[in-house]
Amino acid sequence: MLNDESISRFRSEVIERTINLEWIMNVIISQHYFGKVFRPFLLEVLYDEYCPFALKRRVIEKIVPDPDKRKMEALNRINTIRNYFAHCNQVLVEGADPTSPSAVSIAVDPRRLDRGIDFEKLHQEFVQIAGPVETYLAEVFQSKGGQMTKDEDYKKP
C-alpha cells in the first residue's frame, strides 16, 4: 500500500506534466489561428479557467489534418488520470470501528463506488502514455510552424 508521501509525489508529477501538455495544446491552437504564439489569446482565452482541457483537445482534433486517434485517446486518458489525482483523494475509513486495526483507508473510485483507487497503477499508466503524447504534440506544434527551444537558450547572456 502506498503512503501519503508517495501519493503526493505521484500527484505532483501527474498534475505538473498535464499542465505542460495543456500548455503545448494552447500553443498549437494559437500557432494554428495566428501563425504565432499570440500572448493575449493565450492569456485571455486559453488560460481562462472556463476554457476546459476537453475543448482544447477537440480543437486540436479539428485543426490537425488526420490526427493520431490513439494519441487523442491517450490525451483523454491523461486528463482522466489527472482528475483522479486532483479530485479523488478523499480518504474514507472502512470497517465497523475506524480505530480498529482491521479498518482500511481507501480513496473511493467515483466511477466504481465498490472499490478504491489504485494510485500507483494510475501513475504507472500515466508515465507510460504521457511521453509519447508530449512528443506527438511537440511534432504537431512544429508542423504548424512553431519552434521549440530549450530552457538553456533563454539563459544565455
Side-chain angles (χ1 to χ4, degrees), residues 1-33 37 39 41-43 45-94 103-144 146-155:
M1 180 173 252
L2 287 176
N3 60 32
D4 288 343
E5 187 178 316
S6 296
I7 292 173
S8 182
R9 266 194 348 265
F10 291 167
R11 179 177 291 116
S12 294
E13 178 184 357
V14 167
I15 291 172
E16 291 288 329
R17 280 184 79 179
T18 305
I19 288 168
N20 289 336
L21 278 165
E22 191 165 3
W23 180 84
I24 298 171
M25 293 166 62
N26 290 339
V27 297
I28 290 169
I29 294 167
S30 182
Q31 185 71 32
H32 175 81
Y33 287 106
V37 177
R39 187 173 181 193
F41 180 68
L42 286 176
L43 297 176
V45 178
L46 298 176
Y47 284 5
D48 189 276
E49 67 269 19
Y50 293 107
C51 187
F53 187 95
L55 174 61
K56 295 171 190 179
R57 188 194 54 76
R58 285 291 293 143
V59 170
I60 300 271
E61 285 181 324
K62 292 177 181 187
I63 65 174
V64 173
D66 195 27
D68 184 324
K69 300 291 184 203
R70 286 187 180 154
K71 297 294 190 294
M72 293 293 105
E73 289 169 10
L75 201 50
N76 271 348
R77 184 64 183 153
I78 285 168
N79 193 46
T80 298
I81 293 169
R82 178 249 173 236
N83 285 339
Y84 268 95
F85 276 98
H87 303 292
C88 300
N89 55 8
Q90 185 63 43
V91 174
L92 303 175
V93 178
E94 289 195 343
V104 177
S105 297
I106 61 167
V108 177
D109 186 332
R111 293 183 180 187
R112 302 251 341 247
L113 299 177
D114 61 329
R115 70 177 191 194
I117 299 170
D118 185 341
F119 285 110
E120 184 171 24
K121 183 177 177 184
L122 282 176
H123 178 259
Q124 289 171 352
E125 180 184 0
F126 179 88
V127 169
Q128 183 178 31
I129 63 176
V133 171
E134 290 163 340
T135 300
Y136 174 71
L137 290 176
E139 291 168 355
V140 168
F141 177 61
Q142 291 172 325
S143 76
K144 298 248 174 230
Q147 295 182 354
M148 303 293 279
T149 58
K150 297 178 182 173
D151 285 340
E152 51 268 10
D153 292 342
Y154 291 102
K155 294 176 185 171

Point-to-point distance, once rounded to the nearest 0.5 Å, from [atom1] of [X] to [atom2] of [Y]:
X: Y84; Y: N79; atom1: OH; atom2: CG; answer: 12.5 Å
X: I81; Y: N76; atom1: CD1; atom2: CG; answer: 11.0 Å
X: K56; Y: I28; atom1: NZ; atom2: CD1; answer: 12.0 Å
X: N20; Y: M25; atom1: CG; atom2: CE; answer: 12.5 Å
X: L137; Y: R57; atom1: CG; atom2: CZ; answer: 11.5 Å
X: I60; Y: N26; atom1: CD1; atom2: CG; answer: 8.0 Å

[Y] side chain reached by [X] side chain, heavy atoms, under 4.5 Å:
X: R70; Y: Y136; result: no
X: L122; Y: R77; result: yes
X: T135; Y: E139; result: yes
X: L55; Y: Y50; result: no
X: F41; Y: Y47; result: no
X: I19; Y: R82; result: no
X: T18; Y: F53; result: yes

S143 side chain to V140 main-chain N or O, any donor-acceptor pair under 3.5 Å? yes
Is a side-chain donor or acceptor of Q142 paired with a backbone partner of Q147 at a separation under 3.5 angstrom? no
Cationic N near anionic O, under 4.0 Å, R17 to E13: yes
Taking 4.0 angstrom as the limit, do R58 and E61 come out as a salt bridge? yes
Intermediate values then yes/no, side-chain contact (heavy atoms from CB on, under 4.5 Å), Y33 and V59: CA-CA 11 Å; Y33 287 106; V59 170; 4.2 Å; yes
Identify the heavy atoms of [X] and [Y] that sit nearest to each other, and give their distance.
X: I78; Y: A130; answer: CD1-CA, 3.8 Å
X: I24; Y: A138; answer: CG2-N, 4.1 Å
X: I63; Y: I29; answer: CD1-CA, 4.0 Å
X: A74; Y: V133; answer: CB-CG2, 3.6 Å
X: K71; Y: P132; answer: CE-O, 3.6 Å

Indicate the ring-plane relationship of H123 and F10, choosing parallel, tilted or perpendicular according to the 30° and 60° boundaries. parallel
Examine F85 together with F119 and report whether their ring centres are nearer than 6.0 Å. yes
When you look at L21 and E134, which way does the side-chain contact (heavy atoms from CB on, under 4.5 Å) test go after all the steps? CA-CA 6 Å; L21 278 165; E134 290 163 340; 3.4 Å; yes
